[in-house]
There are 2 protein chains.
Amino acid sequence: MPSETQMKHHMQAYLDAFNRNDLAAVVALYCDDATVEDPYGTPLKSGKLQIEAFYRQAMSNGAVLSLSAPIRASYSNAAAMAFDAVIDTPQGETRVKVIDVMTFTEDGLFKSMQAYFGPGDISVPVVP
Amino acid sequence: MPSETQMKHHMQAYLDAFNRNDLAAVVALYCDDATVEDPYGTPLKSGKLQIEAFYRQAMSNGAVLSLSAPIRASYSNAAAMAFDAVIDTPQGETRVKVIDVMTFTEDGLFKSMQAYFGPGDISVPVVP
């Protein structure tokens, strides 16, 4: 099982790769048969191809992810983190308040990801 | 399915009930066949009796829960929140950094709870 330190390191690596728009580095954090449910309540993305397509789209709008609180690990193969995804637009800032939960393989790769946010966790610019 | 507002309200009610040491109110937020995995990676507590026993123990040390960031809802029957549990002792403060994920019944009761924190998320007083 990966250590707490390893899991937190990989969670931080995920944020860093996303924020430098490094699609390959984000996808490389997932194992081959990983699943992504982002947001929770929507169909699963399964496997590297679907996950890569999902992140290509997700990263195309220039969102920046910033932690709201320190990353949490666990007594088993999971970690969780609260963050905001912020997109600056000419009209102002769009902000999505998210909590991600990842489970891990023995090697410390992401086995599953679930992103918790709802419509009420998204704030959009007020355009007069 | 409960609304985002209802789910967030029940998450806040959970924090408030815990903080006023109201065991009955905490347990009443769970459905009869609910499960609690706190922390993630330890055996499930199942059903009201086990859940009540768990919270009686958990609340006996006077921990106070405070949100680290706003509660997140979802596009389905789940919500999540990051908080710190703080216990003041004569030797100083013990702090546990936690993320809870709850799923909900149709009626808005907790169906499951998973608490994410590991040994590294617990800080204890330094006693000279």
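Each chain gets a letter, A, B and so on, in the order the sequences are listed, and its residues count up from 1.
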> In terms of heavy-atom pairs under 4.5 Å with chain A, which of B:Ser74, B:Ala78, B:Pro70 leads?
Replying inline: B:Ser74
> Based on non-hydrogen pairs under 4.5 Å, which of A:Ala73, A:Ala79, A:Ala80, A:Ser76 is most in contact with chain B?
Replying inline: A:Ala73
>> Could you see if B:Tyr40 belongs to whatever hydrophobic cluster contains A:Ile71? Use Ile, Leu, Val, Met, Phe, Trp, Tyr and a side-chain cutoff under 4.5 Å.
In response: no
>> Same cluster or not: B:Ile122 versus B:Phe18, using hydrophobic residues (I, L, V, M, F, W, Y) connected whenever any side-chain heavy atoms lie under 4.5 Å apart?
In response: yes
> For B:Met7, is it the side chain, the backbone, both or neither that has a heavy atom under 4.5 Å from a heavy atom of chain A?
Replying inline: neither
>> Strictly less than 4.5 Å between heavy atoms, which residues of residues 97-120 of chain A line up against chain B? Please order them by number.
In response: A:Lys97, A:Val98, A:Ile99, A:Val101, A:Thr103, A:Tyr116, A:Phe117, A:Gly118, A:Pro119, A:Gly120
>> If you count every heavy atom of other residues, nucleotides or ligands that lies below 6.0 Å from A:His9 atom NE2, does the total exceed 12?
In response: no
> chain B: which of A:Lys8, A:Glu4, A:Met81 shares the most heavy-atom pairs with it under 4.5 Å?
Replying inline: A:Glu4
> For the atom pair OH (B:Tyr75) and CD (A:Glu37), what is the distance rounded to the nearest 0.5 Å?
Replying inline: 13.0 Å
> Do A:Leu15 and A:Val26 belong to the same hydrophobic cluster, where Ile, Leu, Val, Met, Phe, Trp and Tyr are linked whenever their side-chain heavy atoms lie under 4.5 Å apart, directly or via other members?
Replying inline: yes
>> Membership question, hydrophobic clusters at under 4.5 Å side-chain separation (ILVMFWY): are B:Phe83 and B:Val86 in the same one?
In response: no
> Applying the 4.5 Å side-chain criterion to the ILVMFWY set and letting contacts propagate, would A:Met11 and A:Leu65 be lumped into a single cluster?
Replying inline: yes
> Measuring heavy-atom distances to chain B, does A:Leu67 have an atom under 4.5 Å in its side chain, in its backbone, in both, or in neither?
Replying inline: neither
> Can you check whether B:Arg72 reaches A:Val96 side chain to side chain, under 4.5 Å on heavy atoms?
Replying inline: no
> Taking all non-hydrogen atoms of both residues, which atom of A:Ser68 and which atom of B:Ala69 are closest, and how far apart?
Replying inline: CB-CB, 3.7 Å
